[in-house]
Amino acid sequence: MAAAKTRSSSFSGNLSSAASSLGPGLKCGPNGTVLLSSGIPDLDKILGGGFPLGSLVMVMEDAEAPHHMLLLRNFMSQGLVHSQPLLYASPARDPRGFLGTLPSPAASKDDKSRGPEPDQEKGLRIAWQYKKYFGENQLNFDGQRDGKHKYSNEFNLRNPLERHFINGQRVDCFSIQDSPDLSILQDRCTTFLSQLPRNDGSISCAGRIAIQSFCAPQCVYSNMEWEMLSFIRSLKNMVQSSNSVAIITFPPSLLSPSFCKRWQHMADTLLSVKAIQDDDKELAQLLTGYQDMIGFLNVHKVARINTQVPVILEATTFSIKLQKRRYLILECLNQAPVDGSSGTSYGTSGSCSSSSKTGNLDF
Amino acid sequence: MAKSICIALREGALEGELAPTLTIKDSIASPFGLQVFDHVLSQLFSSILAGKSPSQGLILVSFSRSPSFYLELLKNKGINVASSDKRIHILDCYNDPLGWKDQIVEISSTVTVFREVKHMDKLFNSIIELGRGLVGGGKIRFSIAIDSVDEMLRRASVSSVARLLSNLRSHEQISSIFWLLHSDLHKARVTAVLEYLSSMVASLEPSHQLANGQRGDLENFALIEHNSKKGKFHVRFKKRNGRVHVMSEEVHMEQSGINFTPLTSEGAINQGLVPKVQFNLQLSEKERIDKANVVLPFEHQGDNGKPLQIYDGRRSLVDSKHERAVAVENVQTKEESESESESDRQRGEIIYYRDSDDEMPDSDEDPDDDLDI
């Protein structure tokens, strides 16, 4: 599993006082940042703890698969579980209906250990992909640090979120399909963020903004590319000076290439999801666990706040799997053992470019 | 494959889901889009009539062909439209799309003329109204076929067309939708938008790509002719579990209509089991013959049953005389009457120096024998 190495400087400030005044669902991160969870524990680990407050997360969708909705669902549910105010904008006619599909947190009694299968030999085990086994110890340790509220929950995608989390909350949903321009969206974001100013004191609660399929073609403003870009820039500025995290998903195939690049540069954290082709024999030979995968997640950029040190991940491509069809997990890609009898040389399979649909796979 | 598309459209949408949507995409290199559209239309309508589908009716929005064409088409396929006029209705956007004519003669009761194609929201309302008129209100569903989205995009902006289509998709009474698109009439972004909005994309491609798209070349003429009768049909399905299913077929244009056949693997698996390396492991014919002609330095070999004499660099006078005679014989048995040295040079020799004279022939095959362990 990839984890960012956090640097602890020799100047350790008064961290104890700051830590105690953080609201639920927040924790201290490196370089004086405060983190909140993305709702997917694996993603939190990859990004070094979670999303830092004041950052803009952008997710590049794949037009052929709805995996960005999984990310959004977990993100929004995590916020609601921690009673963090939420603003949700989507091009659908009835965005409130989406709230009905949010998953509920898994009960901690559920045994969802990802340990080795029980039917393994007791004798000599040859660990072909030994890195898989390192993470097991870490999992147990994290689970013990339980306060009243867990920092990050596993979400059960089969169970809908209980109603009381959604009602009586500061949850604001609206549709961006019919707005002729972005001024309405801008106003809503401004009012939302004005409730969460950043002061030097304690942070009682942090907010979340989720904008889905921002440049969807059915929106009236979708051909106003410069306006959309300046909206993103102003949102980024507003979020930076408030205690919130904004996540925007967009389909890059519907933007012109230059704007797609500009949008990617705007992001503090940039992720992308990709669809997997069904019955792809080449991919099945190349990767283990191909049958369980539903898609790929690529981490292109990780937020660097208050630091010039870049975050270098061990791997940037992860496979998205649904464990027991309920829990979203991200796994490192593991190359399957090369079949010596087939005669393919190691060089050709190692370059991982055998299937053009997957693009760049990075082990 | 064409069958699976028709099955998916026939089955329609589940509760709470967006309607399955098909884009049929073709281009000038492989212009069978209209025929594929007709095929899918007749298949879907027969399933609706046979009651195999939860959809109870079909609304056909015709832009690029006259409604009478479709009525004829369905009649030719054996579907009696007169008795089934409660199941299909055609929205005629072909005869008078912009409302220029004062008077339109009613073709039949199954056709309604629509005159305001610039206004997508009015088109949306008409479609829904007609659909409700066919199947009633409530939860009963109907399907929609749009003749060609290109005409819609001529009159209205991309975002309004996209809004119409996505609203149709999310309407609770709509079971499935499909439309035709000629991809070379639009910018790439427009095609990307329509693919984004659909759950199945069927594209027609030529079986042989023309070099540089030049159509005047004589060589390409045969290819063009071939492409006008045959093509490849690729389908990308977006499945519910988030995976993409890709299928391919061959498509043939015939008198009776269009035929889909499984892909013949011409050149798909022609490399055999030879691994892909950068040097050539195969032998050409000439190389194979030459290889068979190389004389190997084993003394048991010999043509004509005679033991082969191999020059070993050390020979007594007697032997050399003997050898020369043998060599001369060898030369004379050959067709060429060139000198010995020349023929030697031409033949290609293996020079073998034997270690000692009193060794038995081929006794030095195991060099480990003289190890003293």
Side-chain angles (χ1 to χ4, degrees), chain A residues 61-70 91-94 97 100-101 177-178 180 213 215-225 251-257 273-280 290-296 320-322 325 340-349 354 357, chain B residues 4 16-18 21 23 120-121 124 149 153 156-172 187-201 234-248 268-269 271-279 281:
Chain A
E61 304 171 16
D62 187 339
E64 294 185 318
H67 301 317
H68 57 281
M69 308 293 278
L70 288 174
R93 287 248 162 230
D94 179 29
T101 64
Q177 200 189 103
D178 292 322
S213 301
C215 61
Q218 55 262 44
C219 302
V220 184
Y221 60 80
S222 58
N223 54 349
M224 296 161 34
E225 296 188 301
S253 53
L254 302 185
L255 286 174
S256 63
V273 285
K274 260 210 153 323
I276 277 195
Q277 195 179 318
D278 216 9
D279 291 336
D280 187 346
Y290 164 77
Q291 284 79 10
D292 305 320
M293 296 183 194
I294 60 172
F296 290 124
I320 304 175
K321 292 189 183 179
L322 285 181
R325 299 203 196 159
S341 59
S342 71
T344 51
S345 73
Y346 215 95
T348 49
S349 61
S354 44
K357 307 277 185 303
Chain B
S4 3
E17 220 187 35
L18 293 177
T21 310
T23 296
M120 288 289 121
D121 35 3
F124 176 76
V149 183
L153 289 164
S157 67
V158 180
S159 66
S160 46
V161 173
R163 204 160 346 124
L164 169 85
L165 297 175
S166 73
N167 287 339
L168 284 177
R169 268 195 97 187
S170 46
H171 198 273
E172 72 257 351
K187 289 191 200 165
R189 184 188 174 245
V190 175
T191 316
V193 164
L194 289 167
E195 288 180 9
Y196 175 81
L197 290 172
S198 32
S199 62
M200 297 179 271
V201 179
H234 299 293
V235 181
R236 292 181 75 90
F237 274 92
K238 297 180 200 173
K239 291 168 69 164
R240 288 189 180 108
N241 62 1
R243 284 191 167 199
V244 177
H245 198 60
V246 177
M247 295 197 280
S248 293
I269 323 164
Q271 279 114 340
L273 298 166
V274 178
K276 300 182 195 132
V277 291
Q278 283 172 344
F279 43 91
L281 288 180

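These figures come from a predicted structure and were not determined experimentally. These values consider heavy atoms only, across backbone and side chains, with no hydrogens, waters or symmetry-generated copies. Letters go in sequence order (proteins before strands), and every chain restarts at 1.
The distance from atom NZ of K239(B) to atom CD of E64(A), rounded to the nearest 0.5 Å, is 13.5 Å. From D62(A), atom CG reaches atom NZ of K238(B) across 8.5 Å, with rounding to the nearest 0.5 Å.
Contact tally against chain B (heavy-atom pairs below 4.5 Å) for L254(A), D178(A), N223(A): the top residue is L254(A). Ranked by heavy-atom pairs under 4.5 Å with chain A, the list N167(B), N241(B), L197(B) is led by N167(B).
Checking each of P251(A), S253(A), P217(A) against V193(B) for a side chain to side chain contact (heavy atoms under 4.5 Å, CB included) leaves exactly one that passes, namely P217(A). The one candidate from D278(A), D279(A), D292(A) that meets the salt bridge (charged side-chain N to carboxylate O under 4.0 Å, His left out) condition with R243(B) is D278(A).
Not counting sequence neighbours, the partners of S159(B) by the side-chain contact (heavy atoms from CB on, under 4.5 Å) test are S222(A), S157(B), R163(B).
Looking at S170(B), there are no atoms closer than 4.5 Å to chain A (heavy atoms on both sides), in backbone or side chain.
Nearest heavy atom pair, residue G242(B) against residue A275(A), reads O-CB, 4.2 Å.
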